[in-house]
Amino acid sequence: MKNTLPRLLLLPAAVVGSLSLFALKTETAVLPDADNAGLKLPAGFGALKVAETGGRARHITVTPQGTIYVKLNRPNSAGKGILVLREASNGKATVSSGFGNYGGTGIYSTPEYLYASSDQEVFRYKLNSKGEVTNPEQPEKIITGLVNRKQHESKSITLDKAGNIYVNVGAYSNSCQVKDRQKGSLGIQNCPVLDSAGGIWQFKADKLNQTYGNGIRYATGLRNVVGLDWNAQTNQLFVMQHGRDQLYDNFPSLYTSKQSAELPAECMYALKRGDNAGWPYIYYDGQQRKKMMAPEYGGDGKKEATGNYLEPAAAYPAHTAPDALLFYTGTMFPEKYRNGAFIAFHGSWNRAPEPQKGYYVVFQPFKDGKPSGDWEVFADNFAGSAANAAAGRPEHKPCGLAQGPDGSLYVTDDKQGTIYRIVYAKK
Amino acid sequence: MKFLLAALGLLTWSSGTAVAQKKPAPKAKPATATIPAATLTAGKAVYVQNCLTCHQADGGGVDGLNPPLTKTTWVLGDKTRLVKVVLNGLQGEDIDGEPYNNVMPAFDILTDQQIADVLTYVRNSFGNKASAIKAPEVKTIRATNKK
């Protein structure tokens, strides 16, 4: 390049040519699909379908070089649980390879390492300077032996900036009843599920074969967290809890099915080490903005919770299932999005017989590291139509979020395996 | 005209059940015997109250969590196994090769009649067609039901 420069200066036409080439490279050549991939977006935004993976695409990460890694809920027909996608300059990608013979949800990358989880372990892979995994068949097993009893099995992961990894272990129960999800069954005192699940554990990101004894119980009383992210501005872990189900089914004398569809709120929590969010003893009523005593533990729909439980940082419609949380730090999107949170809501089932809700990506504005102002639906219509959403029969279910190196927002879908990319087109 | 007749013929042909009913079918098992409307209404009421949240109004279930009740080998198959799902609940069992990660609670609090009605309703809704389950059958299965 150094050698060619003086010569180019002598040739104005070539200069123009190379400049426009340059412009093509830095400016995004990525073109939204004519129908914005079927999504409804705010003005100025566009979307494209990057790829159809055909798998249950859970979480996703994009390296600084633009390599996309997608974690599948279960291995595909070739036996691969992690897909590698490479994009052409127009933004369309093909699955270039795969590895990892295990299903799961969590995937996360730093410039040096790729982390991925099965439903009981966390693995680490070395990335080279091109963002390629160098040891696809010999990952380091950094965490092992986490509880997996099928219900709330996802082990979502994120890292802080100090070499720690945070793992969710979901409670294998709805509300710690003696008989799970059975009508009228009461809660077990000193809920035993909490000894190994129902919270967030902190481990070292670089130590092998850690399990409960090596980790720190970072937070407890969280029923199930699938979306979590580290907020680099406040140096704090934020998580999205899936609230408990079936208030009406299990306690029909205390709740109507309408109330049961709207209770409890799905909550965002800003965690500090040692926090307790109160599951299974309490739930959060988003309409009254109150922590309520769970009916399994003496509640009657009216009694407020007692005890020192964490206040949510923000609350969202019941049962809509927040499966991914991402703090946006890019510069592609307008200023208002910077350091705010995107949340992928997988969509509800527990609102039946009321209309189902969710199947969208929400934007939650933040100011000084705290939610500030009302959340808004950012990307809608993954369901394909309002009727599909209401019936709980969506075409796509948003599950994972990642920020690309240029500031694009990637969204996965674990219903059909579509990978979406949302870009901002206006200058 | 010929064309019209052919089209009509096709139409009746495609609505296979209508054709089947017109034929003096060999007096088969009571599998296709009509279920009294009252039984279906009673069964639907039990379904709405106890099953709908998980298996959904259309019986289609919820991906990866709650299995569909549409033409599964459990719904259409062995009655004893089916009744026991309702009496005992179910967890960790693959349904026609698919794993589901939620828990089906036991419904032994339902009466023999309620269980018979709801299963008869399920076996004759959501595209299913199978014989009724009677309260005395549930009673017998409950009596020998090992938990």
Side-chain angles (χ1 to χ4, degrees), chain A residues 56 58 73-74 103 105 119 148-154 170-175 177-185 224 242 245-250 252 257 260-261 319 321 323 346-356 359 388 390-397 399 413-416, chain B residues 41 43-71 84-111 114-115 118 121-122 125-127 142 145-147:
Chain A
R56 300 181 192 198
R58 297 286 286 174
N73 195 38
R74 62 177 81 160
T105 290
D119 292 337
N148 170 19
R149 296 202 198 160
K150 296 195 86 182
Q151 195 173 173
H152 305 146
E153 74 289 1
S154 299
Y172 46 90
S173 162
N174 177 32
S175 55
Q177 290 167 286
V178 173
K179 290 188 175 162
D180 194 14
R181 296 183 188 262
Q182 194 147 317
K183 193 172 285 184
S185 177
N224 185 31
H242 285 211
D245 299 328
Q246 292 188 279
L247 283 165
Y248 165 73
D249 287 343
N250 293 343
S257 73
S260 193
H319 310 299
D323 272 5
H346 197 230
S348 67
W349 58 272
N350 206 241
R351 297 176 70 93
E354 297 301 309
Q356 305 292 357
Y359 323 106
N388 290 354
R393 296 287 168 236
E395 287 171 9
H396 303 273
K397 289 181 166 185
C399 183
D413 146 43
D414 71 352
K415 174 100 186 159
Q416 293 194 37
Chain B
T41 309
K44 182 172 184 181
V46 179
Y47 185 83
V48 168
Q49 182 81 32
N50 297 282
C51 324
L52 184 145
T53 330
C54 292
H55 293 289
Q56 304 286 295
D58 62 2
V62 181
D63 303 318
L65 286 174
N66 307 315
L69 301 176
T70 48
K71 303 190 177 162
K84 281 188 175 177
V85 170
V86 177
L87 285 174
N88 304 332
L90 197 67
Q91 186 177 11
E93 197 81 38
D94 282 4
I95 307 301
D96 295 345
E98 279 290 307
Y100 293 91
N101 283 345
N102 203 1
V103 172
M104 160 111 179
F107 284 93
D108 51 354
I109 44 160
L110 296 178
T111 64
Q114 285 175 313
I115 292 176
V118 74
Y121 167 74
V122 166
S125 306
F126 321 132
R142 199 197 290 263
N145 180 33
K146 285 194 276 303
K147 287 227 171 159

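Quick note: numbers below take in every heavy atom, side chains included, and nothing from hydrogens, waters or symmetry partners.
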A/Tyr248, part contacting chain B, at a heavy-atom distance under 4.5 Å: side chain
Do the side chains of B/Asp108 and A/Gln182 get nearer than 4.5 Å, heavy atoms only? yes
Heavy-atom distance under 4.5 Å to chain A: side chain of B/Phe107, backbone, both or neither? neither
Distance check, rounded to the nearest 0.5 Å: A/Trp349 atom CH2 versus B/Leu65 atom CG? 6.5 Å
What I want to check is whether the side chains of B/Asn101 and A/Gln151 have a donor and an acceptor closer together than 3.5 Å. no
Just to be sure I understand the criterion: a residue of residues 44-52 of chain B counts if one of its heavy atoms is under 4.5 Å from a heavy atom of chain A. Which ones qualify? B/Gln49, B/Asn50, B/Leu52
Between the CG atom in A/Asp180 and the CG atom in B/Asn102, the distance rounded to the nearest 0.5 Å is 7.5 Å
I'd like to know if B/Glu98 pairs up with A/Arg74 as an ion pair, taking the criterion as any Lys NZ or Arg NE/NH1/NH2 lying under 4.0 Å from an Asp or Glu carboxylate oxygen. yes
Is A/Lys183 close to B/Pro105 at the side-chain level, that is, under 4.5 Å between some pair of heavy atoms? no
Could you walk me through whether A/Arg181 and B/Cys54 pass the side chain to side chain contact (heavy atoms under 4.5 Å, CB included) check? CA-CA 11 Å; A/Arg181 296 183 188 262; B/Cys54 292; 5.6 Å; no
State plainly whether the residues B/Asp58 and A/Arg393 are in salt-bridge range, i.e. N to O under 4.0 Å. yes
